[in-house]
Amino acid sequence: MAKVEAPVAKNEYYDVIFEDLTHDGAGVAKIDGFPIFVANGLPREKAKIKVIKVKKGYGYGRLIELYEPSPDRVDAPCPVYKQCGGCQLQHLSYEGQLKAKYKHVKEVLARIGKIEDVTVHPVLGMSDPWRYRNKAQVPVGEREGGLIAGFYKERSHDIIDMEACLIQQEMNDTVVQTVKAICEQYNIPAYNEQTHKGVLRHIMARYGATTKEVMVVLITRTEELPHKKKIIEAIIDRIPNVKSIVQNINPKRTNVIMGEDTRVLWGSEYIYDYIGDIRFAISARSFYQVNPEQTKVLYEKALEYAELTGEETVIDAYCGIGTISLFLAKKAKKVYGVEVVPEAIEDAKRNATLNGITNVEFAVGEAEAVLPRWYEQGVKADCIVVDPPRKGCDETLLQTMIAMKPKRIVYVSCNPATLARDLRILEDGGYKTCEVQPVDMFPHTNHVECVSRLVLKM
Ligand code: SAH
């Protein structure tokens, strides 16, 4: 085949109209049919761009001048939005974000899953889409002798010193700023990645949005934390709702934030929070959903789609700390949860006890290994709920589900592409996808979560 010349050249300027938005928030312009991805461009906007990279079938550009802004464009309220990279959609109105996420889900289901005959509901968003994250993990560095704390500049390890992150709970900002000031006062040296010297690596804050309880975690390279007692006293004094102060020691040269050794310096090992009326104990290392308000919306939808009457046996695959399992247990006869991380299952069991829920059983293992075993042992499920990580379900698991023939499947997904792929397999195995409900768990970022309801065709 003759080599097709790209119709654009690097470092040249072009006038374009953006036609689309990629799932990660870049505008798409076409020059003689050749797609160019431009960060910060919005559909229907007229702009001057500079092409900065040309690949085989597409290129990248930079927005130089906006001739006609979209009516959906807003000024990003965060002063470090462009450098940070944590959010991708702050320049798009919240309504515009929800519409873009809806369109993405619908398109991906059709393109990858060939699923067109399905109701996709409008995305359930937040009434106030700011200040929702309940966990902050902020790297600490040094500049001119003082401490800085913030997020890494996109694609680098340069720390942006910042006072506020607008998607964090305000309390988490307060904790980070206060602990930074206290550590500076006691001359605690920040960890230096290059030299592998220094002490304080990260400050972590966890906040129970319902209970208002605060956990402070100091992640240090060394076991020794100079002036430990004074630092603890100052934290208690200046952060009134603190219930737990923890030190985590990570002596390794690594990008992994936490180490193996966790010590309670003061107060409790846990803070508590609620999703709906279920209480959760959260330790420094526990996995816990970062947007509890929307998590409740998501789980209520999963519960509705499970259509439980109290007589059912339900399997919750990829159950984490048992959040969905415990939510379902109130309305089911029996729930079996399975999860690969042993510590998460310990948390799940503790949370069941904490809530007096006795009709759940948790197993450690890969869902694709445990479900076939349950199937062989004759476990019969009326409903199977899956909530896999981004890569989706293992094919063995999907085939086992098809063989087990539950009347209903509820698929909770954080990645529409793998959801579409897996729904196709389930459809080919005899299921019908009836409806898909996207939920906005992470406003201003490019992520979207979906709950899907499937029924076994007669
Ligand atoms: N349902 C939970 C967790 C969902 S996140 C909640 O809503 O909080 C996905 C979970 O799947 C993670 O806890 C991860 O540890 C787990 N996981 C990943 N691969 C797995 C596998 N092959 N089998 C079982 N669990 C797995």
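Whatever order the structure lists ligands and atoms in, that order sets their numbers, starting from 1.
Taking the six-membered ring for Trp and the full ring otherwise, the centers of His202 and Tyr191 sit at least 6.0 Å from each other.
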Under 3.5 Å, which donor-acceptor pairs do the side chains of residues 160-170 form with other protein atoms, sequence neighbours left out?
residue : atom : partner : partner atom : Å
Asp161  : OD1  : Ala149  : N            : 3.0
Asp161  : OD1  : Lys180  : NZ           : 3.1
Gln168  : OE1  : Asn172  : ND2          : 2.8
Gln168  : NE2  : Lys135  : O            : 2.9

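Evaluation of the ring pair (Phe, Tyr, Trp, His ring centres under 6.0 Å) rule for Phe442 yields His447 as partners, not counting sequence neighbours. Listed by chain and number, the residues in a ring pair (Phe, Tyr, Trp, His ring centres under 6.0 Å) with Tyr411 amount to none (sequence neighbours excluded).
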Which pairs of N or O atoms, one from ligand 1 and one from the protein, are separated by less than 3.5 Å, and what is the distance for each pair?
residue  : atom   : partner : partner atom : Å
ligand 1 : 1 (N)  : Tyr318  : O            : 3.1
ligand 1 : 1 (N)  : Asp387  : OD2          : 2.8
ligand 1 : 7 (O)  : Gln289  : NE2          : 3.0
ligand 1 : 7 (O)  : Tyr299  : OH           : 2.4
ligand 1 : 7 (O)  : Asp387  : OD2          : 3.1
ligand 1 : 8 (O)  : Gln289  : NE2          : 3.3
ligand 1 : 8 (O)  : Tyr299  : OH           : 3.3
ligand 1 : 8 (O)  : Thr323  : OG1          : 2.9
ligand 1 : 13 (O) : Glu339  : OE1          : 2.8
ligand 1 : 13 (O) : Glu339  : OE2          : 3.4
ligand 1 : 15 (O) : Glu339  : OE2          : 2.7
ligand 1 : 22 (N) : Glu368  : OE1          : 3.1
ligand 1 : 22 (N) : Glu368  : OE2          : 3.4
ligand 1 : 23 (N) : Ala367  : N            : 2.8
ligand 1 : 25 (N) : Val340  : N            : 3.3

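Side-chain contact of His444 with Gln88: a donor-acceptor pair under 3.5 Å is absent, judged by distance alone.
Lys330 forms a cation-pi arrangement with Phe327, by the criterion of a distance under 6.0 Å to the ring centre and an angle within 45° of the ring axis.
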